[in-house]
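Note: hydrogens, waters and symmetry copies are ignored here, and every other heavy atom, side chains too, is used. For clarity, every value in this text was computed on a predicted model and none was experimentally measured.
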Amino acid sequence: MDLISVIVPVFNVEKYLERCIESITNQTYKNLEIILVDDGSTDRSSRICDHYVGRDERIQVVHTHNHGLSAARNLGMSMAKGTYFAFVDSDDWLQEDCYEVLLSLLRESGTDIAAGSANVIEDEKKTRVQFQYFKEKTILSHEDALYKVLIDQIGSQVWFKLYRREVWNGIIFPEGYTYEDIAVMHLVFGNAENGISFTEQPIYNYRHNSDGISLSKNLRNTYCIHYAFKQRYHYTVKLFPAAAEKCLENAVTYGLGAVGLSLRGDWETREQDIRDVNDFLRKNRKEVMKL
């Protein structure tokens, strides 16, 4: 049986962590390597991780100083030995057949990535199904899938997908940034030469937490979205010009949003971020003015 490495960054989620871990250990597909990266938690999360290591030999935990979500995921990938990679956020949980469904889809389709959809959970209740891009099983070619993720028709979230490990070769999450998924997912799709397969089935439970880092509306987060789409724009100009205008539009929109927040006195960021936005707008002035 092929080994799936499941990478779980952990930071101060004592309220949700046990459910998350148990949803992984109770998967119908059993050949898992579960890597818990405790990113400097100050609550009971560290002890909960250690407790589960003693209960299940498939689990390993590494305790680090707090360096952020990207660094935790990168560390997990550096430790992973599996044929396949999967990511789970530690306040979410999986349907019990998540990896059985996704691995079967990968094997049947011969693709490099398989994606499902997710139940959105608010106040402990399912409110809707999200990230359901097709109503039935669908296979997209490498080029079609890459185009759709570049123009944001397919979400960049890493956690409702299963990946052949090779598609992550040479790719790491940008450390110190939120919205890190947007900054790398086009690169991952770019490596998926055998295409991406989709199922309409919800295999992941995503907790919509209004206190979460990525949902916080501040200048730093707005800048980070600009940064991510800027990376995409640079990529498209060189390798996929059909998607360049949409990526530029997104980079400009969030860049101007960051500048606007700074003018209103939101300085929860470095001044360098605003200089970076201004430099980008100046260097691409002709293209920006065409939008």
Side-chain angles (χ1 to χ4, degrees), residues 1-8 19-36 56-60 73 76-77 79-90 92-121 126 128-146 148-149 153-169 171 181 184-185 187-207:
M1 294 176 69
D2 291 315
L3 180 66
I4 297 175
S5 295
V6 185
I7 298 162
V8 187
R19 183 172 192 176
C20 174
I21 295 173
E22 290 186 8
S23 77
I24 303 171
T25 60
N26 292 331
Q27 285 291 296
T28 55
Y29 187 84
K30 300 299 183 185
N31 195 24
L32 306 175
E33 172 190 50
I34 304 166
I35 302 172
L36 307 177
D56 193 318
E57 63 182 9
R58 298 174 299 172
I59 298 176
Q60 54 184 306
R73 285 177 175 167
M77 284 196 292
M79 298 169 59
K81 299 179 177 64
T83 305
Y84 302 95
F85 284 178
F87 300 87
V88 181
D89 283 357
S90 52
D92 300 334
W93 71 96
L94 307 176
Q95 297 295 99
E96 66 176 8
D97 59 351
C98 173
Y99 295 133
E100 183 178 356
V101 169
L102 293 180
L103 186 55
S104 295
L105 184 58
L106 272 182
R107 289 170 171 169
E108 291 168 5
S109 64
T111 57
D112 292 323
I113 302 171
S117 62
N119 297 314
V120 178
I121 310 300
K126 172 186 168 183
R128 61 191 180 279
V129 175
Q130 199 166 330
F131 315 112
Q132 190 179 65
Y133 301 107
F134 304 96
K135 296 298 184 182
E136 58 186 5
K137 289 183 180 179
T138 301
I139 298 174
L140 292 184
S141 69
H142 167 242
E143 187 170 278
D144 286 347
L146 178 57
K148 287 182 180 295
V149 79
Q153 286 186 358
I154 293 175
S156 296
Q157 296 84 359
V158 295
W159 30 254
F160 58 90
K161 304 177 179 86
L162 181 65
Y163 313 82
R164 296 188 191 277
R165 70 174 297 143
E166 289 80 9
V167 301
W168 284 93
N169 285 348
I171 299 172
D181 300 358
V184 301
M185 191 52 60
L187 302 176
V188 177
F189 273 44
N191 284 344
E193 295 183 355
N194 295 309
I196 291 96
S197 49
F198 297 82
T199 175
E200 77 286 0
Q201 184 172 339
I203 45 81
Y204 192 96
N205 296 287
Y206 164 62
R207 190 183 301 278

CD on Q27 to SG on C98, rounded to 0.5 Å: 5.5 Å

Heavy atoms from other residues, nucleotides or ligands near NZ of K30 exceed 12 (cutoff 6.0 Å): yes

Contact check, side chains of Q132 and E200, non-hydrogen atoms, under 4.5 Å: yes

Side-chain heavy-atom pair F85, V167 within 4.5 angstrom cut-off: no

R207 vs W93, side-chain contact (heavy atoms from CB on, under 4.5 Å): CA-CA, chis, key distance, verdict: CA-CA 8 Å; R207 190 183 301 278; W93 71 96; 3.2 Å; yes

Residues, nucleotides or ligands: over 12 heavy atoms within 6.0 Å of E193 CD: no

Side chain to side chain contact (heavy atoms under 4.5 Å, CB included) involving Q201 - partner list, sequence neighbours excluded: D97, V101, T199, I203

Any donor-acceptor N or O pair under 3.5 Å, side chains E33, S5: yes

Least distance between heavy atoms, A145 atom then F189 atom: O-CD2, 3.5 Å

Any residue meeting side chain to side chain donor-acceptor pair (under 3.5 Å) with E143, in chain and number order, not counting sequence neighbours: none

Considering all heavy atoms, the nearest G190-H142 contact: O-NE2, 2.9 Å

Salt bridge (charged side-chain N to carboxylate O under 4.0 Å, His left out) against K126, all qualifying residues, sequence neighbours excluded: none

Contacts of S104 that satisfy side chain to side chain donor-acceptor pair (under 3.5 Å) - sequence neighbours left out: none

F134: ring-ring contact (aromatic ring centres under 6.0 Å, His included) partners, not counting sequence neighbours: F198

Nearest heavy-atom neighbours spanning P202 and N119: CB-OD1, 3.5 Å

For the student: nearest non-hydrogen atoms of N194 and G110, plus distance: CB-O, 3.4 Å

4.5 Å side-chain heavy-atom contact, Y206 and I121: no

Residues I34, I21; criterion side-chain contact (heavy atoms from CB on, under 4.5 Å); working and verdict: CA-CA 9 Å; I34 304 166; I21 295 173; 5.6 Å; no

Gap between atom CG of N26 and atom CD of Q95 - 0.5 Å precision: 12.5 Å

ring-ring contact (aromatic ring centres under 6.0 Å, His included) partners of F160, counting only residues at least two apart: F131

Steps toward side-chain contact (heavy atoms from CB on, under 4.5 Å) verdict (D92, N205): CA-CA 6 Å; D92 300 334; N205 296 287; 5.7 Å; no

All side chain to side chain donor-acceptor pair (under 3.5 Å) counterparts of D89, not counting sequence neighbours: R73, W159

Validation row: I196, I139 side chains within 4.5 angstrom (heavy atoms): no

Stepwise side-chain contact (heavy atoms from CB on, under 4.5 Å) check, T111 with L106: CA-CA 6 Å; T111 57; L106 272 182; 3.5 Å; yes

Partner residues of E22 under the side chain to side chain donor-acceptor pair (under 3.5 Å) criterion, sequence neighbours left out: Y52

Any donor-acceptor N/O pair, Y133 side chain to G155 backbone, under 3.5 Å: yes

Approximate separation, where rounding is to 0.5 Å, of T138 OG1 and L105 CG: 9.5 Å

Non-hydrogen atoms of A86 and L162 that approach each other most closely: CB-CD1, 4.0 Å

CG-CD1 distance between D144 and I154, expressed to the nearest 0.5 angstrom: 9.0 Å

Salt bridge (charged side-chain N to carboxylate O under 4.0 Å, His left out): pairs with one or both residues in residues 156-167, sequence neighbours excluded: D112-R164

Any residue meeting side chain to side chain contact (heavy atoms under 4.5 Å, CB included) with I171, in chain and number order, not counting sequence neighbours: W168, V184, L187, V188, N191

Spatial distance of atom CG (L3) from atom CG (L32) [nearest 0.5 Å]: 7.5 Å

Gap separating the OG1 atom of T28 from the CD atom of E100, nearest 0.5 angstrom: 3.5 Å

Set of residues satisfying side chain to side chain contact (heavy atoms under 4.5 Å, CB included) with respect to D56, sequence neighbours excluded: T25, R58, I59

Under the side chain to side chain contact (heavy atoms under 4.5 Å, CB included) test, residues paired with D2 that sit two or more places apart: Y29, T83, Y84, R107

